[in-house]
Protein chains: 2
Amino acid sequence: MTTAESSRTLAHPERDRIRLEEVLHALADPMRLRVVCALDAGDTEQSCTELQLPVTKSTSTHHFRVLRESGVIRQTYRGTAKLNALRREDLDLLFPGLLDSVLAGAARQGDGG
Amino acid sequence: MTTAESSRTLAHPERDRIRLEEVLHALADPMRLRVVCALDAGDTEQSCTELQLPVTKSTSTHHFRVLRESGVIRQTYRGTAKLNALRREDLDLLFPGLLDSVLAGAARQGDGG
DNA sequence: GGCGTACTACGAAGACTATCGTACTGGCAT
DNA sequence: ATGCCAGTACGATAGTCTTCGTAGTACGCC
């Protein structure tokens, strides 16, 4: 059966309010960079547990929150799960080439996961 | 008279040892982002005082050190002054497009100084 | 040599960060 | 209803970061 989207909503910054410094800070953490790479590599939205971070659940929650509040990812509830997606369109519009160069650099370094 | 380069040397990371996370972290600070923008805008190498940061000298030293140790800038002594230059060639080779997108994003936001 | 300038070193205060554990909530399935 | 699963909230802790002030070093100039 198709699980409907929950009524719970999460605060996301508008595109205009996404700040470069916050995006860079969000991407500067190895754990979060890993998440971003995984989200880019996967073809569909991925839940938090699906990403298999080597930290506890609460730490995981913290990192996803930082990514969401900085405008890097968009999170939506579906049932008990929370799906994560890169805000690629917004980021590409605001900072053309940034995400691609970061992803390429991470892959080059072997941060892909 | 032409002031010769000092014998004092400063530790810079080799190109291969420049880490993406450290570069992103270095660029994520507003003060350092401002320095990077100013270095990009100026046509010649600029000394620390020339950049007129709104912080004390010791804080300024700290930020320049972070930028140097992360591989973002190259510093050379000349007399009592220390000249700063972007390591554009190294960065462009390692992370193509990263510096340009960050500089463009900063200019867009008005972080130029 | 003596002075001024440019930057550094060191220590300290305050804020922030990453991480964890425990207790909790919301939703699905039985 | 009961239980389970995914994620949250809160508090604690240990580490890092930004900032400052003061004292010190290196260099050029008089």
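A quick note: this is a predicted structure, and the numbers were derived from the prediction, not measured. Quick note on labels: first sequence line is chain A, next is B, and so on, each numbered from 1.
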Send over the distance from [X] [atom1] to [N] [atom2], rounded to a whole Å.
X     : N      : atom1 : atom2 : result
A:Y77 : C:dC28 : OH    : P     : 13 Å
B:R68 : C:dC7  : CZ    : P     : 13 Å
A:L10 : D:dA9  : CG    : P     : 9 Å
B:L24 : D:dC17 : CG    : P     : 14 Å
A:E45 : D:dG7  : CD    : C1'   : 16 Å
A:L83 : D:dA6  : CG    : P     : 13 Å
B:Q75 : C:dA6  : CD    : C1'   : 12 Å
A:N84 : D:dA6  : CG    : C1'   : 12 Å

Checklist entry - How is A:S47 classified with respect to the nucleic acid when contacts are heavy atoms under 4.0 Å: base, sugar-phosphate, or nothing? => result sugar-phosphate
Next on the checklist: Protein within reach of the bases, or only the backbone? For nucleotides 9-22 of chain C, mark each nucleotide 5' to 3' as B, S or -, using heavy atoms under 4.0 Å.
Outcome noted: B-------SSBBB-
Considering residues at least two apart in sequence or located in another chain, which fulfil the side-chain hydrogen bond (donor to acceptor under 3.5 Å, both in side chains) criterion with [X]?
X      : value
B:T61  : none
A:R108 : none
A:R74  : none
A:Q52  : none

Item to check | Gap separating the CG atom of A:L24 from the CG atom of A:L98, nearest 0.5 angstrom | outcome: 6.0 Å
Checklist entry - Among pairs that include at least one residue of residues 20-33 of chain B, which meet side chain to side chain donor-acceptor pair (under 3.5 Å), considering only residues two or more places apart or in two chains? => result A:Q109-B:E21, B:R19-B:E21, B:R32-B:H63
Item to check | N or O in side chain of B:T49 less than 4.0 angstrom from C:dT5 OP1/OP2 | outcome: no
